[in-house]
Amino acid sequence: MVIKQAEHYLNKDKRLELAKEFTRGAAENIIKNLQYYERMKGELESEVNQIKSLLEEIEKQKTVSSLMAIEGNIRDIYYQSFNKILPDKFRFDKRTKQPPENMVNSLISFGNSLVYSTVLTEIYNTQLNPTISYLHEPSERRFSLALDIAEIFKPLLSDRVIFKLINKKIIDESCFVKELNACLLNEKGKRLFLTAYEEKLKTTIKHRELKRNVSFQRLIRLECYKLIKHLIGMKKYKPFVIWW
């Protein structure tokens, strides 16, 4: 498996094919989130159309770096739409990571780290080597394959938890600590987020192909198996896309 993973990383076309699928899966799940809130709140049709337009550009890209630029543009539009989904006191102007500068950035960073850790755990339960990746450079983080797969699941797992916690007023200003130019979750905020996140992982859905209920956490393991089948030449990899 390590040899197959390395072959697909070293071969430009094989790597690009997988990188495109990870980007496409992330973009389509972002669109699903926005369409859900468009039905509930409206005002998101423009963002949906912009991201759909960028989605069509994915297949035309010739390099992983240009693909990452498309992915970055999609994320920028997506994050700008948060202000139409969340209340005014959770206003969010731009993504800042080190450190997160406001409450929403703090939630995104914490949620993304949880998804990354969950994906890494599932990778360890397969034959995949987590240090060989395709969309992200292996040097970006030690277990960079977890970054690739996490892109697909962040909209379902992290972002939907964030929207729920804020819109249902489960998390508020009392859940954060602000110091200098940083805003971080305090212990109360982390506890509330972890509880909601673990509930999300245990949520089950009727799988369209397996014809049985599977948890959201199990969907990640199934994604790893799909990638393995692609690497050994059994079946082309197609990313998980929210179907409900």
Side-chain angles (χ1 to χ4, degrees), residues 4-38 43-82 84 94-95 97 108 112 115-116 119 128 130-141 144-159 208-209 219-220 222-244:
K4 289 294 183 184
Q5 277 187 257
E7 283 176 357
H8 281 73
Y9 170 77
L10 294 168
N11 182 299
K12 178 186 172 184
D13 292 336
K14 288 181 177 180
R15 179 185 177 185
L16 188 61
E17 180 184 5
L18 281 171
K20 285 178 178 178
E21 292 305 321
F22 289 128
T23 309
R24 182 179 292 110
E28 291 192 9
N29 286 328
I30 282 170
I31 289 170
K32 287 287 188 179
N33 274 1
L34 292 179
Q35 287 175 332
Y36 174 79
Y37 281 95
E38 164 64 22
E43 299 183 355
L44 289 165
E45 187 176 355
S46 172
E47 286 85 352
V48 170
N49 290 335
Q50 288 178 67
I51 295 175
K52 281 183 175 179
S53 178
L54 287 169
L55 185 60
E56 293 173 3
E57 295 296 312
I58 289 172
E59 194 52 46
K60 302 174 188 176
Q61 303 312 304
K62 304 296 183 186
T63 65
V64 173
S65 59
S66 67
L67 201 56
M68 288 291 284
I70 294 283
E71 195 264 348
N73 290 337
I74 289 171
R75 289 264 166 205
D76 286 344
I77 295 165
Y78 180 47
Y79 287 141
Q80 288 165 20
S81 74
F82 277 32
K84 296 180 179 179
K94 64 177 180 177
R95 180 78 177 105
K97 300 178 184 178
I108 293 171
N112 287 353
V115 178
Y116 171 79
V119 171
L128 290 168
T131 66
I132 304 172
S133 54
Y134 306 98
L135 179 61
H136 296 84
E137 285 296 338
S139 58
E140 188 171 332
R141 198 183 291 190
S144 48
L145 183 60
L147 292 176
D148 284 1
I149 297 173
E151 291 295 333
I152 296 169
F153 288 95
K154 286 190 291 190
L156 172 65
L157 299 176
S158 175
D159 299 342
R208 292 190 299 185
E209 293 180 17
L219 288 173
I220 301 173
L222 294 173
E223 201 70 7
C224 294
Y225 292 153
K226 282 159 50 180
L227 181 56
I228 288 170
K229 286 182 179 179
H230 177 96
L231 293 169
I232 62 177
M234 282 181 63
K235 187 177 181 181
K236 287 287 185 186
Y237 173 73
K238 294 297 174 190
F240 160 80
V241 175
I242 299 166
W243 63 77
W244 58 92

Within-4.5 Å side-chain heavy-atom neighbours: S133 and L147: no
Any donor-acceptor pair under 3.5 Å from E47 side chain to I77 backbone: no
Main-chain N/O of P155 paired with N33 side-chain donor or acceptor, under 3.5 Å: yes
Nearest non-hydrogen partners of E151 and A26, listed with the distance: O-CB, 3.4 Å
Rounded distance (nearest 0.5 Å) linking atom CD1 of I70 with atom CD1 of I51: 12.0 Å
Pair S46-Q50, side-chain donor/acceptor within less than 3.5 Å: yes
Worked verdict on L156 versus N29 for side-chain contact (heavy atoms from CB on, under 4.5 Å): CA-CA 7 Å; L156 172 65; N29 286 328; 5.9 Å; no
Backbone of Q5 reached by a side-chain donor or acceptor of Y134 within 3.5 Å: yes
Test side-chain contact (heavy atoms from CB on, under 4.5 Å) applied to L227 and L145, step by step: CA-CA 11 Å; L227 181 56; L145 183 60; 4.0 Å; yes
Flag if over 12 foreign heavy atoms under 6.0 Å of CD, E137: yes
P138 versus Y9, closest heavy-atom pair with distance: CD-CE1, 3.6 Å
CA sep, side-chain torsions, deciding dist, call: L18, L135, side-chain contact (heavy atoms from CB on, under 4.5 Å): CA-CA 7 Å; L18 281 171; L135 179 61; over 6 Å; no
Residues Q61 and S66: side-chain donor-acceptor under 3.5 angstrom: yes
E45 side, atom CD; Q35 side, atom CD - distance, nearest 0.5 Å: 10.5 Å
Minimum heavy-atom distance I242-K32, with the two atoms named: O-CE, 2.9 Å
Separation of L54 CG from N49 CG (nearest 0.5 Å): 11.5 Å
Under 3.5 Å: donor-acceptor pair, side chain of K226, backbone of Y237: no
Smallest separation among heavy atoms of K4 and L231, with atom names: CD-O, 3.5 Å
Under 3.5 Å: donor-acceptor pair, side chain of D148, backbone of H136: yes
Rounded distance (nearest 0.5 Å) linking atom NZ of K60 with atom NZ of K62: 10.5 Å
I58/L67 under side-chain contact (heavy atoms from CB on, under 4.5 Å): CA gap, chis, key distance, verdict: CA-CA 7 Å; I58 289 172; L67 201 56; 3.7 Å; yes
Heavy-atom closest pair, residues I74 and A27: CD1-CB, 3.8 Å
Worked check of ring pair (Phe, Tyr, Trp, His ring centres under 6.0 Å) between F82 and Y37: CA-CA 10 Å; F82 277 32; Y37 281 95; 9.2 Å; no
Distance in Å, L16 CG paired with E21 CD, rounded so as to fall on 0.5 Å steps: 10.5 Å
Name of the residue among R15, E17, K14 meeting side-chain contact (heavy atoms from CB on, under 4.5 Å) with H8: K14
Mutual orientation of the aromatic rings belonging to F240 and F153 [parallel < 30°, tilted 30-60°, perpendicular > 60°]: parallel
R95 CZ to D76 CG distance, which is reported to the nearest 0.5 Å: 11.0 Å
Main-chain N/O of E43 paired with E38 side-chain donor or acceptor, under 3.5 Å: yes
Minimum heavy-atom distance F22-I152, with the two atoms named: CD2-CD1, 3.6 Å
Check ion pair E71-R75 (N to O, under 4.0 angstrom): yes
